[in-house]
Participant: 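Just passing along the structure, written as structure tokens.
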Amino acid sequence: MAIEFRKYQGLGNDFILIDNRHQSEPIVTPEMAMQMCDRYFGIGADGVIFALPGTSNTDYTMRIFNSDGSEPQMCGNGIRCLAKFIADLERRDGKINSTESSLSYKIETLAGIITPEILPDGQVKVDMGKPRLLAAEIPTTLVQADEKAVNVPLVVAEQSWLVTCVSMGNPHCITFVEDVAAIPLAQIGPQFEHHPAFPERTNTEFIQVVKPDYLKMRVWERGAGATLACGTGACAVVVAGVLTGNSDRLVTVELPGGCLEIEWSASDERLYMSGPAEWVFTGQWHSNH
């Protein structure tokens, strides 16, 4: 079976995009997605994203398999890439006409309806919705189910870390450090991800405060490992920054792959993420490869 795909990247967080509009379930299995994502024997990517038919009140449905075959609820960089992919599918150029101010889509995800908007300059702005802060919503057992986990001690790698937990439809554990470059991410990232306090595992963000409106971030993603960027993570980080008094509500978040602009609106408590998404190449994958 030959599968047509387009590859996109958002700040180096790269994805294989598949036109799945003809049926409501992904045409690729998690095992096939793992083969496709392999950077030595496959195409190479952090995940495979499917553009499926929308529901009664959405334009499209998004599903995603991580490089390890697991399925996350949402992906911030991924949904920006999906918006560009849809624009390319519909219009074959992915650009805004001179008569349009923007191009937006309502997309059903496992984390709810998300609306990415392609701006005239090619950036994609996404209404990421409201953060979820109660322990049961994340989920975590660090505090009681109806409490917020803000600056709570967590022992990982024989060290006590102060962590704040936020869900953006997927779980995030954020800790503020003096120097993100000094964090041995490959060693301690998996220990955070698989810590018993997170029954569904967790994404983990290590944050250095440069200024209240500028944060440096490194991330260990659940199911994908160390990546160059994480959109939901950047949103969760700003929420944690505000809750702990470390950041403003409008922040530039610097990731290894580049910068995202994140705003946690004081008026509606929703998070707005703006950043790039770019086509890399188009190809065909054979399942017996």
Participant: With side chain to side chain donor-acceptor pair (under 3.5 Å) as the rule and sequence neighbours excluded, what pairs involving residues 180-208 come up?
Facilitator: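 Of all non-adjacent pairs touching residues 180-208, those that pass side chain to side chain donor-acceptor pair (under 3.5 Å) are H172-E205, E193-R201, E193-W220.
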Participant: Can you list the residues that meet the side chain to side chain donor-acceptor pair (under 3.5 Å) rule with D127, with sequence neighbours excluded?
Facilitator: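 In terms of side chain to side chain donor-acceptor pair (under 3.5 Å), with neighbours along the sequence ignored, D127 is linked to R270.
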Participant: Are side-chain heavy atoms of M36 and I18 found at a separation under 4.5 Å?
Facilitator: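 Yes - at least one pair of side-chain heavy atoms lies under 4.5 Å apart.
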Participant: If you draw the axis of the six-membered ring of Y272, does the NZ or CZ of K125 fall within 45° of it and under 6.0 Å from the ring centre?
Facilitator: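 Yes, a cation-pi geometry holds between K125 and Y272.
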Participant: Could you verify whether a donor N or O on one side chain and an acceptor N or O on the other, from E254 and Y214, lie under 3.5 Å apart?
Facilitator: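 Their side chains do contain a donor-acceptor pair, which is all the 3.5 Å distance test asks for.
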Participant: Does some side-chain heavy atom of I49 sit less than 4.5 Å from a side-chain heavy atom of I16?
Facilitator: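 Not in contact.
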Participant: If you count heavy atoms of other groups shown closer than 6.0 angstrom to CD of E178, is the number above 12?
Facilitator: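 No - once you tally the heavy atoms of other residues, nucleotides and ligands closer than 6.0 Å, there are 12 at most.
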Participant: With sequence neighbours excluded, what pairs up with E158 under the side chain to side chain donor-acceptor pair (under 3.5 Å) test?
Facilitator: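 E158 satisfies side chain to side chain donor-acceptor pair (under 3.5 Å) with no residue once adjacent residues are dropped.
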Participant: Side chains of Y60 and P53: does their closest heavy-atom pair fall under 4.5 Å?
Facilitator: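 A side-chain contact under 4.5 Å is absent here.
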Participant: Can you list the residues that meet the ring-ring contact (aromatic ring centres under 6.0 Å, His included) rule with F192, with sequence neighbours excluded?
Facilitator: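 Partners of F192 under the ring-ring contact (aromatic ring centres under 6.0 Å, His included) test: W161, F206.
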Participant: Between D14 and R39, does any side-chain N to carboxylate O distance fall below 4.0 Å?
Facilitator: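 So D14 pairs with R39 through a salt bridge.
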Participant: By side chain to side chain donor-acceptor pair (under 3.5 Å), which residues pair with T55, not counting sequence neighbours?
Facilitator: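 Counting only residues at least two positions away or on another chain, T55 forms a side chain to side chain donor-acceptor pair (under 3.5 Å) with N57, T58.
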Participant: Out of the candidates T175, V152, N151, L133, only one should pair with T164 under the side-chain contact (heavy atoms from CB on, under 4.5 Å) rule; please name it.
Facilitator: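 That would be N151.
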Participant: Between the side chains of T227 and D46, is a donor N or O closer than 3.5 angstrom to an acceptor N or O?
Facilitator: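 No, D46 and T227 have no side-chain donor paired with an acceptor closer than 3.5 Å.
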Participant: Identify whether the distance between the nearest side-chain nitrogen and carboxylate oxygen of E90 and R21 falls below 4.0 Å.
Facilitator: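 No, no charged N to carboxylate O under 4.0 Å.
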Participant: Decide if atom CD of Q144 counts as having more than 12 heavy atoms of other residues, nucleotides or ligands within a radius under 6.0 Å.
Facilitator: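 Not buried by this count: 12 neighbours or fewer within 6.0 Å.
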Participant: List in chain and number order the residues that pass side chain to side chain donor-acceptor pair (under 3.5 Å) with S267, two or more places apart in sequence or in another chain; answer none if no residue qualifies.
Facilitator: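 Applying side chain to side chain donor-acceptor pair (under 3.5 Å) to S267 gives S265.
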Participant: Under 3.5 Å, side chain of T244 to main-chain N/O of A240, donor-acceptor pair present?
Facilitator: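 Checked: pair present.
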Participant: Does either side chain, that of T252 or that of E261, offer a donor lying less than 3.5 Å from an acceptor on the other one?
Facilitator: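 Judged by distance alone, the side chains do pair up.
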